[in-house]
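Side chains included, hydrogens not; waters and symmetry mates left out as well; all remaining heavy atoms used. Note that the structure is a prediction, hence the values are computed from the model and not measured. Indexing begins at 1, ligand by ligand and atom by atom, following the structure's order.
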Amino acid sequence: MKQPSLIFLTGFSGSGKSTIGPLLANSLGYDFLDLDKEIELFAAKSINRIFAEEGEAHFRDLEHTVLEKLVGRTELVVSLGGGALQHNPCFSLIIASGTLVYLHSSPEILAKRLSHKTDRPLMKGDNGERLSKEQIEKKIFALLEQREPRYKTAQIIIETDTKRIGSTVEELTRKIERYVRRAEKRQFVNKPKKHTKSE
Ligand SMILES: Nc1ncnc2c1ncn2[C@@H]1O[C@H](COP(=O)(O)OP(=O)(O)O)[C@@H](O)[C@H]1O
Ligand SMILES: O=C(O)C1=C[C@@H](OP(=O)(O)O)[C@@H](O)[C@H](O)C1
Ligand SMILES: [Mg+2]
């Protein structure tokens, strides 16, 4: 059953899911999980090593395995990895289980935030070499074109480029509280009535 208060944060690498997630959970009074961190605990190895030693397909299977353990929970914020929605079993599970929130950032801002990072295997060259900011921007444009359609299926979409992190958290808290209240009310109204013996 879909749990409106099970909040999934999606968006491209660098959009702020892992940074904003815990702050948002605290503001909502919810628990928080970072799916990448849960995968690293489950696999007992870093994401870079999973990609290097077992490949992206295995990483996507791990994403699904770990996601299955947390669906059904309520009052929880989950920061997804940037590619989770592209794997059909994960996408189906996420949209059936909770509320999807898309943190939208421009490719230019994403490239700026990612240009000094080494912990995103997909932002490296084919031989694992570091890329220039321009090469990263090119990769972002290509991947975003593939991924944006599923990001945009989110029930809540928020711009992060020009806002301070605190403002994004405040705006998201208001939007999510309003959305969850209305969704839970709809579920209550549509809930099949129990027939008493006298009827
Ligand atoms: N709204 C923001 N403004 C400025 N820097 C940000 C913002 N969101 C994230 N960052 C920075 O961008 C980098 C990536 O953020 P992160 O939360 O890891 O993104 P994701 O989990 O979506 O890949 C981090 O260094 C973080 O501090
Ligand atoms: O874009 C992707 O496919 C990925 C994004 C990463 O998470 P972040 O979005 O937190 O960087 C992590 O799941 C992995 O490196 C794959
Ligand atoms: Mg992250």
Side-chain angles (χ1 to χ4, degrees), residues 7-27 32-43 45-67 70 77-91 93-94 100-126 128 130-131 133 136-151 154 156-173:
I7 308 296
F8 292 105
L9 296 187
T10 191
F12 202 86
S13 272
S15 58
K17 303 180 296 295
S18 297
T19 301
I20 285 167
L23 301 172
L24 173 65
N26 184 57
S27 176
F32 173 72
L33 287 176
D34 188 293
L35 190 62
D36 285 338
K37 294 280 177 284
E38 294 302 306
I39 291 166
E40 290 180 328
L41 287 172
F42 181 76
K45 62 170 78 169
S46 72
I47 287 174
N48 272 332
R49 275 189 60 205
I50 296 169
F51 270 77
E53 297 170 8
E54 295 161 280
E56 181 174 355
H58 180 67
F59 173 78
R60 299 302 172 199
D61 289 341
L62 286 171
E63 271 186 327
H64 187 251
T65 301
V66 175
L67 266 175
L70 57 87
V77 174
V78 180
S79 290
L80 299 169
L85 298 187
Q86 293 315 105
H87 186 228
N88 290 337
C90 288
F91 180 60
L93 187 58
I94 289 162
L100 189 62
V101 174
Y102 173 26
L103 304 185
H104 177 273
S105 307
S106 66
E108 294 76 16
I109 292 288
L110 292 170
K112 189 176 161 200
R113 291 178 187 166
L114 293 173
S115 54
H116 301 297
K117 299 285 180 186
T118 59
D119 58 349
R120 271 77 171 190
L122 293 179
M123 294 296 117
K124 293 178 180 172
D126 294 341
R130 290 195 64 169
L131 299 176
K133 188 163 172 289
I136 287 177
E137 223 169 78
K138 204 171 167 191
K139 277 204 127 186
I140 291 172
F141 271 105
L143 274 175
L144 255 183
E145 195 175 358
Q146 295 168 25
R147 295 179 172 187
E148 192 103 67
R150 285 194 172 177
Y151 288 157
I156 297 171
I157 299 177
I158 190 163
E159 294 298 327
T160 75
D161 276 5
T162 57
K163 294 188 190 84
R164 288 180 308 100
I165 289 173
S167 308
T168 301
V169 171
E170 283 167 18
E171 184 182 343
L172 264 183
T173 299

Polar contact flag for Glu56 and ligand 2 (N/O pairs, less than 3.5 Å): no
Nitrogen or oxygen of Arg147 less than 3.5 angstrom from that of ligand 2: yes
Contact with ligand 1 for [X], non-hydrogen, under 4.0 angstrom:
X	answer
Lys117	yes
Ile165	yes
Ser13	yes

From the candidates [options], the one that places a heavy atom nearest [atom]:
atom	options	value
atom 7 (C) of ligand 1	Lys112, Lys163, Arg113	Arg113
atom 3 (O) of ligand 2	Gln86, Arg60, Lys124	Arg60
atom 19 (O) of ligand 1	Gly16, Pro22, Gly11, Gly82	Gly16

Looking only at protein heavy atoms, identify the closest one to [atom] and say how far it is in Å.
atom	answer
atom 22 (O) of ligand 1	Lys17 NZ, 2.7 Å
atom 15 (O) of ligand 1	Thr19 OG1, 3.6 Å
atom 23 (O) of ligand 1	Arg120 NH2, 2.6 Å

Ser79 side chain to Lys17 backbone, donor-acceptor under 3.5 Å: yes
Numbering as shown, the atoms of ligand 1 that approach Gly14 to under 4.0 Å (heavy-atom distance): 14 (C), 19 (O), 20 (P), 22 (O), 23 (O)
Where ligand 1 meets Phe12 - atom numbers and elements under 4.0 angstrom, heavy-atom basis: 22 (O)
Close-contact set for ligand 2 against Asp36 heavy atoms, below 4.0 Å: 6 (C), 7 (O), 8 (P), 10 (O), 12 (C), 13 (O)
Proximal ligand 2 atoms for Leu122, defined as those under 4.0 Å from one of its heavy atoms: 2 (C), 3 (O)
Proximity of Leu143 to ligand 2 by residue part, where a heavy atom lies under 4.0 Å: neither
Per-residue contact class, Arg164 against ligand 1 - non-hydrogen pairs under 4.0 Å: neither
The Mg ion (ligand 3) to nearest N/O/S of Ser79 less than 2.8 Å: no
Parallel, tilted or perpendicular: rings of Phe59 and Phe51 (30°, 60°): tilted
Trace of the salt bridge (charged side-chain N to carboxylate O under 4.0 Å, His left out) decision for Arg60 with Glu56: CA-CA 6 Å; Arg60 299 302 172 199; Glu56 181 174 355; 2.8 Å; yes
